[in-house]
Protein chains: 4
Amino acid sequence: MRADAQRNLARVLAAAEEVLTRDGLTASMRTIAGHAGVGVGTIYRQFPTKEALYQAIVMDRQRRLAEEAQALFTAADPGAALFSFFTRIVEDATVKKVFADALAGTGIDVKAATAGTYDIRGAVETLLTRAQRAGAVREEVGMAELLALLTAACLAAQHQGWDEELRTRTLAVMFHGLRP
Amino acid sequence: MRADAQRNLARVLAAAEEVLTRDGLTASMRTIAGHAGVGVGTIYRQFPTKEALYQAIVMDRQRRLAEEAQALFTAADPGAALFSFFTRIVEDATVKKVFADALAGTGIDVKAATAGTYDIRGAVETLLTRAQRAGAVREEVGMAELLALLTAACLAAQHQGWDEELRTRTLAVMFHGLRP
Amino acid sequence: MRADAQRNLARVLAAAEEVLTRDGLTASMRTIAGHAGVGVGTIYRQFPTKEALYQAIVMDRQRRLAEEAQALFTAADPGAALFSFFTRIVEDATVKKVFADALAGTGIDVKAATAGTYDIRGAVETLLTRAQRAGAVREEVGMAELLALLTAACLAAQHQGWDEELRTRTLAVMFHGLRP
Amino acid sequence: MRADAQRNLARVLAAAEEVLTRDGLTASMRTIAGHAGVGVGTIYRQFPTKEALYQAIVMDRQRRLAEEAQALFTAADPGAALFSFFTRIVEDATVKKVFADALAGTGIDVKAATAGTYDIRGAVETLLTRAQRAGAVREEVGMAELLALLTAACLAAQHQGWDEELRTRTLAVMFHGLRP
DNA sequence: CATGAATGAGGTTTCATTCAT
DNA sequence: TATGAATGAAACCTCATTCAT
C-alpha cells in the first residue's frame, strides 16, 4: 500500500472512530470525511459502504478487547480477572456510542462481519469457566446471562452517561449477583 | 376540545404507540398518520414536532407504569413487590422498541419533557425503601444503581430480543445481587 | 384530486416531456423540477421513481398516437393511411428523444408498464392488414419487419436530426420496399 | 513511442472495444482499465477524455469497415456488393453496443472526431454508384437516404436485438425499396 | 512513464415540516 | 378544523478526472 494511502486510511479510521463514537450511526459520511480532512470518495475507496466502515471500527475495537482478555487468562485471581474485564468493556462503552450501538445492533447487522474473527464471546467464556472453577462465580451462571448482563451494562452506561461512581456501584450489584 | 378533535387525539396516540413500538424512531410521520387514518397535518396540530409526539407516547407509558407501581405499594411481600415491578417493566421493554429507544435516547432527548411529570422514580424509591425495611434488599443499595440496572435490563432486553428464559435467568442474577 | 395538485401534475408532466424529450434519460430530476417550478419532492409524490415518470411520459405519447391511429382505421385509402401513420410517428421521434429512447429501451424497461395499455402495435397491425387487403402493401410483409422498420426510422431520425427532406426521401425508399 | 507504451495502447484499445461493446457508454473507466490490466492513468495518458477513447474505438471500427468496402469495389455483381456491405455493417451493429450508441450519439458527439478520417461514406458512395450503373439500384436514390437507412438499421438491430431472421426480412424490404 | 488514490460535484431518493385548500 | 400536497435539505453513493508516488 502506498504511503499516502496508508496515512489517509489511518486518518479515516481515526476520524470515523471519533465521530461514530460521539454521534453513533446517525453521523453522516460527509461529517466523517470532513473530520478526516479527505473527500467522501476516499472513504468509499477503502470501505464500499457506510456499514463496512462501521464494521471496521467495531472489529478493531473487538480485536483490542480480545487481546486484553487474553492477557487475563493467566491471572492469579480468576474472579478478579473476569470482573476486571467486564468492567473494562463497560468503561469503554460509557464514552463510545459505536460499541453500544454495535452491541445493540441498531440499524446495522454487525454480527455477520465480526463473527468468529475476534472472539470476545470465547474470551469471556474462558474467563467465566476459570472463575467458576476457582469458586468465585456460582456454578449455575451461564454464558447467556453473563453476556446479557454485559450488553445491558454497556448500553445503559453509554446512554445514561454513567459516571465512575455509578458504574462502580451498579457493577458491584451485578458482581454480587454472580458470586456464591 | 371538540369531540372529533378528542377522538382524533386518541387515534393518533394509539397509532403512534403501535407504529413506534414496532419500528422505533425510524417510523415516518406518514406511516403513523396512515395507521391513525388521519392526515399528517392532524398530528402536527396536536404535537408541534415528531419529538413531541414521541414524548407523549413515552409519558403515557410512564403514567401507566406509575399506576401499576402504586398498586404494589401495599403488597404483603415488599421484596416480591419490587422484583415484580422490575420484571414487569423489563417484560414490556422486550417488545416495545420505543421505550428502549427512549431510555437509550436514540436521536431524541426525552428527559426534558418527561422529567417529574409521572414519578416512576418516586414509585421505585418507595418500593425499594419498603423492600429494604423488610430486609429483602441490602441496605447499601441506592436508587441510582437500582435505576441503572433497570435501564440496562430494558435496553438489552429490547435490543437483543431476550426470550422468557433469558430474561428470567438474567434478572435472577440481578435480584441475587440486590439481596443480602 | 385537489386543484393545486392537478395543476402541478400538469406542470410536472409538461416539464418532464420537454426536458426528457430534449435530453433523454440523462436529464436529472432536479432539472425537471426546476423547469416545472416545483421541488423535487413534488415529482416524487406523483411518481415514485424516475423510471415511473419516464413511463408516464411515454404512455401518454402512446395514448395520443393510438388515438390518431384509430381515426385512420376508416380512411378511404388504406395504403395512404398506413404510410401516413408511419410518417407521423417518425416526425414525432425526430424531435423527441424520449420516444427514441423508449423504443430503444435505453436504461429503462418501458415495455412492462406500457404493454397492453395503449396498443400501438395493434393499431399498426390493423392498418397493415387493411393496406394489404387493398393491395397497397405486399402480402409477404409481416408485422415484425414493419415494426422493425418503424423503430429504425424513429431512432435514426431522432439521433441524426433528419430534416423534412431527408425524412421524406428515406421513408419513400421504405414505402417503395413495402409496395408490390 | 516506446515499446511498452505501444503494447499498452493496444491492450487499452482491445479492452475498451470489448467492454464498451458489451456495456455501451455506461461502462466506467475503471472497468475498462481493469480489463486492460493497466491503471486508469495509463488510459488518460493516451486519451485525454473518456470521449476521446470512445471515439478512437469507433474510428478503429470505421477503418476496418472501410477496408472491407474497398475489397468489394471490384466485385463481379455491384448490386450484391452494396447489399452485402450493408448487411455486413448491420450484422456487426447487432452485437456491438458501442457502434449503435455511437450512431445514436448517446451522450457523446462522435461526429467531430470521426468525420473524414476513414471514409465510410466515400466507400458506400462508390458501391452505390457502381450498383446504380449496373442497374441494380434506382437512379434517384441518393447517398443521404442510403446512409440514413443504414444508420436506422444499425440502431434498431442493436437496440431490439434483431435475430437473423428479422434482420434478413427487414433488410429485404429495404433492398426491395432500393431496387428499380 | 505507469499507477491508482483522491477528489467532489452530481445522481436519486426520503422525510420532517409547512401551508394552501 | 382536517387534509395531504409541496418543499428542499440532506442522506448515501458513483465516477470522470487529476496528480502524488
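Sequence lines set the chain letters: A, B, ... in the order given, protein chains first and strands last, and positions in each chain run from 1.
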**OP:** Tell me which nucleotide among F:dC13, E:dT12, F:dT1 gets nearest to the side chain of B:Arg45.
**Re:** F:dT1
Subject >> Among F:dA6, E:dT14, E:dT3, the one nearest C:Gln46 by side-chain distance >> reply: F:dA6
**OP:** By nearest nucleotide on DNA chain F, pick out whichever of B:Gly41 and C:Thr42 is the more 5' one.
**Re:** B:Gly41
Original post:
Do you know which of B:Thr26, B:Val19, B:Leu20, B:Val40 makes side-chain contact (heavy atoms from CB on, under 4.5 Å) with B:Thr31?
Top reply: B:Val19
Original post:
Starting at the 5' end of DNA chain F and moving along, which residue's nearest nucleotide shows up first, A:Ala27 or B:Arg30?
Top reply: B:Arg30
Original post:
Does any non-hydrogen side-chain atom of A:Thr21 lie less than 4.5 Å from one of A:Ile57?
Top reply: no
Original post:
Between E:dG11 atom P and C:Glu51 atom CD, what is the distance in whole Å?
Top reply: 18 Å
Subject >> Nucleotide nearest A:Lys50 when distance is taken to its side chain, options E:dT17, E:dT13, F:dC12 >> reply: F:dC12
Subject >> Distance in Å, B:Thr42 OG1 paired with B:Arg45 CZ, rounded so as to fall on 0.5 Å steps >> reply: 8.0 Å
**OP:** For the side chain of D:Tyr44, starting at C-beta, report the closest nucleotide among F:dA16, E:dA6, E:dT17.
**Re:** F:dA16
Original post:
Of the candidate nucleotides F:dT21, F:dT3, F:dA16, which contains the atom at the shortest distance from the side chain of A:Asp4?
Top reply: F:dT21
Subject >> Nearest listed nucleotide, side chain of B:Ala5, among F:dA2, F:dA16, F:dC12 >> reply: F:dA2
Subject >> Comparing C:Arg7 and D:Gly39 on DNA chain E - which has the more 5′ nearest nucleotide >> reply: D:Gly39
Subject >> Given DNA chain E, 5'-ward residue of the pair A:Asn8 and B:Pro48, judged by closest heavy atom >> reply: A:Asn8
Subject >> Side-chain donor or acceptor of A:Lys50 paired with backbone N/O of A:Ala27 under 3.5 Å >> reply: yes
**OP:** Give the nucleotide from the list E:dT17, F:dA11, F:dT7 with an atom nearest to the side chain of C:Val38.
**Re:** F:dT7
**OP:** Between F:dA11, E:dG8, E:dT13, spot the one nearest the side chain of A:Val40, thanks.
**Re:** E:dG8
